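Accompanying notes for the structure given below.
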Amino acid sequence: MVILGIHDGADSSVALMINGKIVYASQEERFTRLKLEFGLPINAIKDCMNTYKIVSSEIDEVALATKYVNPLSQITKREANFTTNDWIEEQEKFWKPRFYQNKNPNYWNIFKNKKKFSYDKIYNYKNVLNSYQNKKNMEIFLQRRINTISNVLKIDKKKIKVYLHEDCHINYAYYFYKERKNGICITNEGMGDFSRGSVSTVKNNKFKLISFSKDNHLGNIYKWTTLLLGMKPAQHEYKVMGLAPYASDFEIDKCYKTYEDLLRVNKLNVNYKKKPKDIFYHLQKNFMKSRFDGIAGALQKFLENKLFDWFLSCSKILKLKYIYFSGGVAQNIKAAMYLNSKKKFTKVIIPPSAGDSSISIGACFKSMNDYCEKKFISKNKSIKPIQSLYLGYKNSSNDVKKFIIKKKLSDKYIIKKNVTSNKIALKIYNGKIVGRCVGRMEFGLRALGNRSILCDPRYFSNIRKINTKIKNRDFWMPFTPTILSEDFNKYIKNTKNLNASFMSMAFETKKLAQKDLQAAIHPADYTARPQKLSKNDNESYYNLIEEFKKLSGVGALLNTSLNLHGLPVARNIEDAMYVFENSELDILIVENYYFEKNL
């Protein structure tokens with residue numbers, strides 16, 4: 001059974017499942033170099049099919065995630081193209097006239113001639129751009145999406161099946177890990193096919209929708225606060241989360257009531273307590289005299305408290321304590337940490353990249369789930385959990401060699417082959433910052449060693465060093481550690497034994513971490529988003545950290561993604577070399593090639 005999963009909205013992606021196992025997954029942004037790329041992921045599909053030598057006739061089903069896609073967001077590639085100025089322009093020229101002036105401005109007329117935009121040219125948008133989120137237009141657009149996929153893949157339209165957005169989320173969250181206990185599946189996001197928040201039960205691998213709401217605006221409140229603080233919505237919410245721990249209780253308390261007055265938990269969902277005309281302008285008016293850190297701190301506290309109250313209400317009513325959480329809001333790792341600190345829940349399980357980028361995988365899981373039901377075969381045996389996220393593109397040694405010759409890199413850099421792990425570890429120990437582009441690319445939001453920038457985690461000064469010389473990130477943002485599995489419990493508090501292999505969960509740290517991992521934990525609250533690494537996960541990366549441990553006594557490295565700020569993570573030798581040449585990265589490893597800058 002060969003299933004090709006496609007997500008063609010923001011942060012579009014493709015996944016390939018063969019006989020119940022996900023063998024490939026990649027985001028389109030890694031190929032086009034536009035962060036949060038929209039549309040049919042043609043380049044990722046090509047790489048997927050080339051990697052596994054699959055031809056269209058061998059595909060049993062194309063599983064398309066999401067029924068209702070807004071053509072206007074799609075053609076403008078809204079979340080990918082918009083700057084903060086564009087988001088403000090949208091508020092002032094589209095939403096404000098609609099909500100406050102009883103006008104109906106044409107969205108496409110506002111944004112159709114932006115010179116810096118990369119508009120989608122793959123789908124047919126004729127006569128579906130006249131109204132924002134018009135259901136009839138979205139139904140027409142769905143048929144055009146199916147037609148385009150059929151034409152591009154040269155595959156019968158009967159083989160293309162569309163799955164609801166929320167179903168893709170819950171199947172991804174449930175089937176990702178092997179636990180699969182009876183529990184509650186909760187989604188929470190800006191907007192899905194029919195909800196912003198949904199609650200389903202899963203018992204004996206069977207899902208049942210219990211409740212849903214379009215008024216659950218937890219995600220949108222976080223989104224518009226991000227804009228209010230001068231950052232990009234749908235991209236920089238993690239920066240607001242990272243800022244929150246710096247706020248004092250005094251500043252938080254000044255802002256908290258504004259958030260608390262907006263939403264309430266009502267049995268199995270969240271809805272308005274007091275509905276404003278518009279969230280952004282309501283917050284802007286109320287926070288005119290508030291400090292930025294207090295706003296961030298109050299928002300994070302509000303989200304954590306509201307999610308806890310909601311989840312607890314669901315748990316009590318449905319009498320289940322395992323919770324599978326997905327959707328954009330589930331990517332808030334500090335809220336997840338807060339929820340898992342509560343004994344009221346056995347576990348709150350959140351898969352990596354729980355937002356929309358992963359619903360191509362979720363569509364594969366949903367397709368296989370339905371196939372198993374139809375054929376009366378075991379889901380647990382047939383649907384394999386995901387044990388590795390090294391699922392994407394791999395550089396060939398021949399491509400690396402050709403690139404070196406073409407760009408005459410030997411004239412610029414010290415180039416060596418097959419440099420051993422102990423020698424690279426010694427460079428890191430001596431203060432060098434190393435980029436690593438080795439093996440198959442990771443899927444999702446986190447670099448797990450194969451597309452990473454690595455350095456010594458022991459010295460707080462390395463935060464400033466990487467921020468100023470390479471990443472140009474906001475000063476308050478923390479970096480993260482990769483920790484050898486045998487040393488993990490020395491540094492991290494993980495009382496519920498949550499899976500920490502994918503950097504998708506935050507944890508409190510122990511005092512030893514605050515000494516040994518100063519540059520790889522949050523400076524304000526000493527929490528960490530670690531990767532727990534065993535030898536079976538990634539042997540060559542493990543060996544590098546093991547060699548560093550022999551030198552330093554610390555079985556961990558600071559690990560951040562191999563990219564410059566605002567760009568997607570590097571995919572190939574060309575992308576990695578771009579980072580190397582446009583930053584003060586000292587050393588770059590690409591497969592078995594070693595590049596070092598001349599002093």
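Not measured: the values here are computed from a predicted model.
- In this structure, a donor-acceptor pair under 3.5 Å is absent between the side chains of Asn499 and Glu179.
- Taking the six-membered ring for Trp and the full ring otherwise, the centers of Phe365 and Tyr174 sit at least 6.0 Å from each other.
- Side chains of Asp8 and Tyr123: a donor-acceptor N/O pair is present below 3.5 angstrom, by distance only.
- Classification of Asp370 and Lys366 as a salt-bridged pair holds, one side-chain N sitting under 4.0 Å from a carboxylate O.
- Of the possible donor and acceptor atoms, one in the side chain of Glu442 sits under 3.5 Å from a partner among the backbone N and O of Gly449.
- Counting heavy atoms from C-beta on, the side chains of Val62 and Lys161 never come closer than 4.5 Å.
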Exercise. Lys67 and Asp193: salt bridge (Lys or Arg N to Asp or Glu O under 4.0 Å), yes or no, with the steps?
Worked result: CA-CA 6 Å; Lys67 184 177 182 181; Asp193 267 329; over 6 Å; no
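- Taking the six-membered ring wherever Trp is involved, the centroid distance between the rings of Tyr324 and Tyr172 does not fall below 6.0 Å.
- Looking only at atom types and distance, the side chain of Lys114 has no donor-acceptor partner in the side chain of Asn81 under 3.5 Å away.
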For this session: Any chance you could lay out the side chain to side chain donor-acceptor pair (under 3.5 Å) test for Asn216 and Asn271, step after step, and finish with the verdict?
Result: CA-CA 5 Å; Asn216 187 333; Asn271 52 34; over 6 Å; no
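- A donor-acceptor contact under 3.5 angstrom links the side chains of Tyr107 and Glu90, judged on distance only.
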Report, one line per pair, each donor and acceptor closer than 3.5 Å where one atom sits in a side chain of residues 226-236; sequence neighbours left out.
from	atom 1	to	atom 2	distance (Å)
Thr226	OG1	Tyr222	O	2.8
Gln235	NE2	Glu79	O	3.2
His236	ND1	Lys232	N	3.1

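- One side chain, Asn450 or Arg436, offers a donor N or O that lies under 3.5 Å from an acceptor on the other.
- Among all heavy-atom pairs drawn from Met503 and Arg529, the shortest one is O-CD, 3.1 Å.
- Between Ser26 and Phe31, the closest heavy-atom pair is OG-CE1, 3.5 Å.
- Side chains of Thr482 and Tyr541: a donor on one and an acceptor on the other come within 3.5 Å.
- Here the options are Phe325, Tyr322, Phe308, the test is ring-ring contact (aromatic ring centres under 6.0 Å, His included), and the partner is Phe345; only Phe308 passes.
- Ion pairing between Glu237 and Lys223 fails under the 4.0 Å rule for side-chain N and carboxylate O.
- For Tyr578, the OH atom counts as loosely surrounded, since its 6.0 Å shell holds 12 or fewer non-hydrogen atoms of other residues, nucleotides or ligands.
- With no hydrogens or angles considered, no side-chain donor-acceptor pair links Glu166 and Ser198 at under 3.5 Å.
- Relative to the ring axis of Phe479, Arg473 places its NZ or CZ within 45° and under 6.0 Å from the centre.
- From Ser12, atom OG reaches atom CG of Leu36 across 9.5 Å, with rounding to the nearest 0.5 Å.
- Residue Glu574 holds its CD atom at 8.5 Å from CZ of Arg571, rounded to the nearest 0.5 Å.
- Checking Thr480 against Asn559 by side-chain atom types alone, no donor-acceptor pair falls below 3.5 Å.
- One distance of note links CG of Leu307 with CG of Leu218; it measures 5.5 Å at 0.5 Å rounding.
- Proximity of Leu389 to Pro352: side-chain heavy atoms (C-beta onward) are separated by under 4.5 Å at one or more points.
- Here CD of Glu61 is found 10.0 Å from CG of Leu4. Values are rounded to the nearest 0.5 Å.
- Asp399 and Ser396 are linked by a side-chain donor-acceptor pair at a separation below 3.5 angstrom, with hydrogens and angles left out of the test.
- Qualifying side-chain hydrogen bond (donor to acceptor under 3.5 Å, both in side chains) partners for Asn124, counting only residues two or more places apart in sequence or in other chains: none.
- Checking Lys471 against Asn563 by side-chain atom types alone, a donor-acceptor pair falls below 3.5 Å.
- Residues satisfying the salt bridge (charged side-chain N to carboxylate O under 4.0 Å, His left out) test with Lys334, not counting sequence neighbours, are Asp525.
- Side chains of Thr187 and Ser326: a donor-acceptor N/O pair is absent below 3.5 angstrom, by distance only.
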N/O donor to acceptor pairs below 3.5 angstrom from side-chain atoms of residues 38-48, sequence neighbours left out:
from	atom 1	to	atom 2	distance (Å)
Asn43	ND2	Glu28	OE2	2.7
Asp47	OD2	Tyr24	OH	2.6

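- When the side-chain contact (heavy atoms from CB on, under 4.5 Å) test is applied to Tyr272, the partners found at least two apart in sequence or on another chain are Asp215, His217, Leu263, Lys275, Pro276, Ile279.
- A donor-acceptor contact shorter than 3.5 Å links the side chain of Arg180 to the backbone of Tyr177.
- Side chains of His169 and Asp356: a donor-acceptor N/O pair is present below 3.5 angstrom, by distance only.
- To the nearest 0.5 Å, atoms OG (Ser382) and CE (Met1) are separated by 10.5 Å.
- Between the side chains of Thr83 and Asn85, no donor-acceptor pair of N or O atoms lies under 3.5 Å.
- For Lys21, the NZ atom counts as loosely surrounded, since its 6.0 Å shell holds 12 or fewer non-hydrogen atoms of other residues, nucleotides or ligands.
- Both the sub-6.0 Å distance and the 45° axial angle are not jointly satisfied by Arg440 relative to the ring of Tyr390.
- Across all their heavy atoms, Ser150 and Ile160 have their closest contact at N-CD1, 3.7 Å.
- Asn395 and Asn572 are not linked by any side-chain donor-acceptor pair at a separation below 3.5 angstrom, with hydrogens and angles left out of the test.
- Judged purely by distance below 3.5 Å, without hydrogens or angles, the side chains of His7 and Ser360 never pair a donor atom with an acceptor atom.
- For Lys306, the side-chain hydrogen bond (donor to acceptor under 3.5 Å, both in side chains) criterion is met by Glu260, not counting sequence neighbours.
- Rounded to the nearest 0.5 Å, atoms CE (Met505) and CD1 (Ile349) are 9.0 Å apart.
- Of all the heavy atoms in Ser56 and Ile155, the pair that sits closest is O-CD1, 3.9 Å.
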For this session: Given side-chain contact (heavy atoms from CB on, under 4.5 Å), test Leu299 with Ile221 step by step and report yes or no.
Result: CA-CA 8 Å; Leu299 174 65; Ile221 289 169; 3.9 Å; yes
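- For Glu304 and Gln300, the side-chain atoms include at least one donor-acceptor pair closer than 3.5 Å.
- Side-chain contact of Asn369 with Tyr175: a donor-acceptor pair under 3.5 Å is present, judged by distance alone.
- Here Phe94 and Tyr132 bring their ring centres to under 6.0 angstrom of each other.
- Under the 3.5 Å distance criterion, with hydrogens and angles disregarded, a donor-acceptor pair is assigned to the side chains of Asn109 and Lys112.
- Within 6.0 Å of atom CD in Gln387, 12 or fewer heavy atoms from other residues, nucleotides or ligands are found, so the atom counts as exposed in its surroundings.
- Looking only at side-chain heavy atoms (C-beta outward), Asp60 and Lys159 stay at 4.5 Å or farther from each other.
- When all heavy atoms of Phe280 and Ile88 are compared, the pair lying nearest together is CZ-CD1, 3.9 Å.
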